Amino acid sequence: MDNKRLARLLFPNVDKTPEYYEKLYPPRNLPEGAKVTRLGPSPTGFIHLGNLFGAITDERLAHQSGGVFFLRIEDTDNKREVEGAVDVIVDTLSYFGVEFDEGAGKSGETGAYGPYWQRQRADIYHCFAKKLVEDGMAYPCFCTEEELADMRRRQEAEKANPGYYGKWAVHRDWDLEHIEAALAEGKPYVLRFRAPDPEGKYFKIRDAIRGELSMPVNDIDFVLLKSDGIPTYHFAHVVDDHLMRTTHVVRGEEWLGTLPFHIALFAALGWKAPVYCHTAQLMKIDGGIKRKLSKRKDPELSLDYYKNEGYLPGAVWEYLMTVLNSNFEDWRLAHPTAPIDDFKFTPNKMSVSGSLFDIDKLNDVSKNYLATLDSETVYKCVTDWAKVCDPEYYELLTRDKDFSTKMISIGRGGKKPRKDISHWKQSKEFYSFFFDELFKIEDDFPENVSDSDRKAILAKYLETYDQNDDQSQWFDKVRAIAEDLGFAPQPKMYKQSPELYKGHVGDVSAVIRVAVTGRQNSPDLWCVQQVLGEKRSLERVRKHI
RNA sequence: GGCCCGAUGGUCAAGCGGCUAAGACACCGCCCUUUCACGGCGGUAUCACGGGUUCGAUUCCCGUUCGGGUCACCA
């Protein structure tokens, strides 16, 4: 068979050579060990936690090594495309602190290895497709969808492996006359890879995350170009990542199964394959069953969820790092305030099995993170959030900035900061009692304090209260009330001889606390009342007498 | 069903032939305390199962089971 002639027949418009492109996209001039990574989302307009998970891996690998991280839009499936999707991808990732050095962007693209939209790279793919045909490594296949479906049915009946391979590859050895005739008739066709006869059954490959893998050598004549001339993911991946000089390919483990395709293609084109990093999937427990996070069922998969709930990007990043690199947590413990850039991220510390997404852990990480922020920053962040996500809360917070800042500063700073808040939505619940519009009694008064004692406590409190008391004067009075009414002035005393008392000063404070804040849990009472003001504090107390 | 990957407490996990099997979250208890927190200390709880190999297996090999992924002109 005259492969050269077939190649000319199939690709009459290709006027460039592989050498031309090799020269156009020369190896990158980067320091030794610099990694080049990329994110290749399809423009569906949906970007999720899994994408961010991979993006952070790419970003760390590249930027930690002085390399390049670029964005390539994999728009080879036109059915999936959503308008404005690139903006969403760039904006969302940027919100979470992931920035690209090169590639597709909101206003065009930057970088010397473009175009970065795969649809615009048709000429390039065709050039290499032509080369594969010339080398006898690819051929046109005229099977219709029905024929393929029929083949699948027969394979099923024979219990043969599904796929277009071996004796099932009916167009594999068509001669030129047949092909020319079909072409002349205008029959649509796809270009298939001609899988070489496998020499061994298996090959070994090293994955940066998983170590050595053993895979069956590819024998499938998979599709390179679809009938519209657009490449499949497989072909585009190989051509692009070679020409864009990607050194490390980070992708989900769902690609493991087609890795033999890619390895075979790299070999057929005479190129060196990149280092692969197949990441584990983020899972979720649902009714006792561990499963992949799903777009439809799990709102927490969407990155908008974290934005809307008011999780800080930095906190989400910290959490993801704990899941991503098993030694991150220990490192963080040892370096509580070090910038995250100082942490050495390594693929071999990444988990191989799918981890459950753990919202408790996120909240914990987030609480610690928020506790390190100063009041001004918190005020700015929470109002920024509320402005778009909770206008009512925004109104309340900005009505009196001084008041809000004081409220926020309670228990903040110092050696032992409070850790009450994990995300802004929850901060509204936490701070609600500071605002009369939201204030309500949420917790019961302590049950070991009788109604009459409660009234007595509050009445005495009212009598002796002085807004000008400092914290210790204030508490001495509370203690005096406790003692008067038969409560131990110190918890320790009560513990030593509980039979002597009705309770201890903590119970007395709890009564006041519930009256003033509506809960048994609140920041320091004295501080709260300083912020709230005498009038409002005492009004709340008065209501319960 | 074929193929691939995986399996350590409720969750995330360290571990790479020899330990009373780290640590974190959650949970429980205690301590500290001027209340609420923060913090400190401690506790419950794990090597999926069966065979090998070995003086010795959580660690290596083989099965089983279970979980996940994938088998498109989608990525």
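We name chains A, B, ... by the order of the sequence lines, and we start the count at 1 in each one. Treat the numbers as computed from the prediction; the structure is a model and nothing was measured.
- If you measure from atom CG of A/N161 to atom P of B/C4, you get 11 Å, rounded to the nearest angstrom.
- A ring-centre distance under 6.0 Å is found for A/W255 and A/Y233.
- For A/E329, the listed nucleotide lying nearest its side chain is B/A24; candidates were B/A13, B/A24, B/C25.
- In the model, A/E534 has no side-chain atom that pairs as donor or acceptor with a side-chain atom of A/S537 under 3.5 Å.
- The base of B/C73 sits with one of its N or O atoms less than 3.5 Å from a complementary donor or acceptor on the side chain of A/S227.
- In terms of phosphate contacts, A/K367 brings no side-chain nitrogen or oxygen within less than 4.0 Å of OP1 or OP2 of B/A26.
- Nucleotide B/C32: unpaired (no Watson-Crick or G-U wobble partner with both distances less than 3.5 Å).
- Side-chain N/O atoms of A/N521 include one lying less than 4.0 angstrom from OP1 or OP2 on B/A37.
- The closest side-chain donor-acceptor pair between A/H278 and A/R251 falls under 3.5 angstrom.
- Of the candidate nucleotides B/U11, B/A37, B/C73, B/C73 has the atom nearest to the side chain of A/T232.
- Comparing B/A75 with B/A37, their C1' atoms are spaced 49 Å from each other, to the whole Å.
- If you check the side chains of A/E318 and A/N368, you find no donor sitting under 3.5 Å from an acceptor.
- Ion pairing of A/D221 with A/R194 is absent here, as no side-chain N (NZ or NE/NH1/NH2) approaches a carboxylate O to less than 4.0 Å.
- Contact annotation for A/T258: no contact, since no heavy-atom pair falls under 4.0 Å across all strands.
- In terms of phosphate contacts, A/K492 brings a side-chain nitrogen or oxygen within less than 4.0 Å of OP1 or OP2 of B/U33.
- Taking atom CG of A/L256 as the reference point, atom P of B/G69 lies 13 Å away to the nearest angstrom.
- Contact annotation for A/R251: no contact, since no heavy-atom pair falls under 4.0 Å across all strands.
- The side chain of A/R418 approaches B/A37 more closely than any other nucleotide in the set B/A37, B/C12, B/A75.
- Remark: A/S509 OG to A/I457 CD1 distance equals 9.0 Å, nearest 0.5 Å.
- Comparing atom distances between the A/L213 side chain and each of B/C5, B/A24, B/U33 picks out B/C5 as nearest.
- The side chain of A/M215 lies closest to B/C4 when the candidates are B/C73, B/C74, B/C4.
- B/U59 and B/G17 are spaced 12 Å apart, taking the P atom of each and rounding to whole Å.
- The partner of B/A48 is B/U64, by the rule that a Watson-Crick or G-U pair needs both atom distances under 3.5 Å.
- Across the P atoms, B/G9 and B/C47 are found 7 Å apart, a figure rounded to whole Å.
- Only the P atoms considered, B/A21 is 25 Å distant from B/A26, to the nearest whole Å.
- Side-chain proximity of A/P162 to the nucleotides B/A37, B/C71, B/U35 is greatest for B/C71.
- B/A24 atom P lies 17 Å from atom NZ of A/K349, rounded to whole Å.
- Within 4.0 Å of A/Q490, counting heavy atoms only, lies no atom of the nucleic acid at all.
- Ion pairing between a basic and an acidic side chain is recognised when a charged N comes within 4.0 Å of a carboxylate O; A/R154 and A/E156 show no such pairing.
- The distance between atom CD of A/E74 and atom P of B/C73, rounded to the nearest whole Å, is 18 Å.
- With rounding to whole Å, A/F475 atom CZ is found 11 Å from B/C36 atom C1'.
- Of the candidate nucleotides B/C25, B/A37, B/C73, B/C73 has the atom lying nearest to any side-chain atom of A/V223.
- Between the base of B/C5 and the side chain of A/R210 there is no donor-acceptor pair shorter than 3.5 Å.
- Picking from B/C3, B/C31, B/A75 the nucleotide with the shortest atom distance to the side chain of A/P216 gives B/C3.
- With a cut-off of 3.5 Å on both Watson-Crick or G-U wobble distances, the partner of B/A75 is given as none.
- Residue A/R412 places none of its side-chain N or O atoms closer than 4.0 Å to OP1 or OP2 of B/C38.
- For A/Y202, whose side chain is taken as the heavy atoms from C-beta onward, the closest listed nucleotide among B/C4, B/A75, B/G6 is B/C4.
- In this structure, A/C141 reaches neither bases nor backbone, as no heavy-atom distance under 4.0 Å exists between it and the strands shown.
- B/C49 and B/C66 have their P atoms separated by 15 Å, with the value rounded to a whole Å.
- Although no hydrogens or angles enter the test, the distance criterion places no donor-acceptor pair under 3.5 Å between the side chain of A/R540 and the main chain of A/G518.
- The base of B/A24 sits with one of its N or O atoms less than 3.5 Å from a complementary donor or acceptor on the side chain of A/K361.
- Between B/G39 and A/K419, a contact under 4.0 Å exists linking OP1 or OP2 to a side-chain N or O.
- Salt bridge A/D364/A/K361: absent, no basic N to carboxylate O contact under 4.0 Å.
- Comparing the C1' positions of B/G15 and B/G23 gives an interatomic distance of 12 Å, to the nearest angstrom.
- For A/V352, the listed nucleotide lying nearest its side chain is B/G6; candidates were B/A14, B/G6, B/C36.
- The interatomic distance linking A/D360 (CG) with B/C12 (P) rounds to 12 Å, in whole Å.
- A/W255 comes within 4.0 angstrom of a nucleotide base, judged by non-hydrogen atoms across all strands.
- Results of the side chain to side chain donor-acceptor pair (under 3.5 Å) test with A/R38 over A/D241, A/D58, A/T246 single out A/D241 as the only residue that passes.
- Within 4.0 Å (heavy atoms only), A/S472 reaches at least one base atom of the nucleic acid.
- Nucleic acid contact for A/P417: sugar-phosphate only, since backbone atoms but no base atoms lie under 4.0 Å from a heavy atom of the residue.
- In terms of position along RNA chain B, the nucleotide closest to A/D330 lies nearer the 5' end than the nucleotide closest to the other residue of the pair A/D330 and A/Q520.
- Along RNA chain B, the nucleotide nearest to A/I230 and the one nearest to A/I220 differ in position, and the one closer to the 5' end is contacted by A/I220.
- Rounded to whole Å, atom P of B/G1 lies 24 Å from atom CZ of A/R154.
- Atom C1' of B/A24 sits at a distance of 15 Å from the matching atom of B/U8, rounded to the whole Å.
- Within 4.0 Å of A/S522, counting heavy atoms only, lies at least one base atom of the nucleic acid.
- In this model, a side-chain donor or acceptor of A/R513 finds a partner on the base of B/U35 within 3.5 Å.
- Atom CZ in A/F53 sits about 12 Å away from atom P in B/C12, given to the nearest Å.
- A/G163 comes within 4.0 angstrom of no nucleic acid atom, judged by non-hydrogen atoms across all strands.
- Atom P of B/U54 sits at a distance of 37 Å from the matching atom of B/G68, rounded to the whole Å.
- In this model, the phosphate group of B/C25 is not approached by any side-chain N or O of A/T322 to a distance below 4.0 Å at OP1 or OP2.
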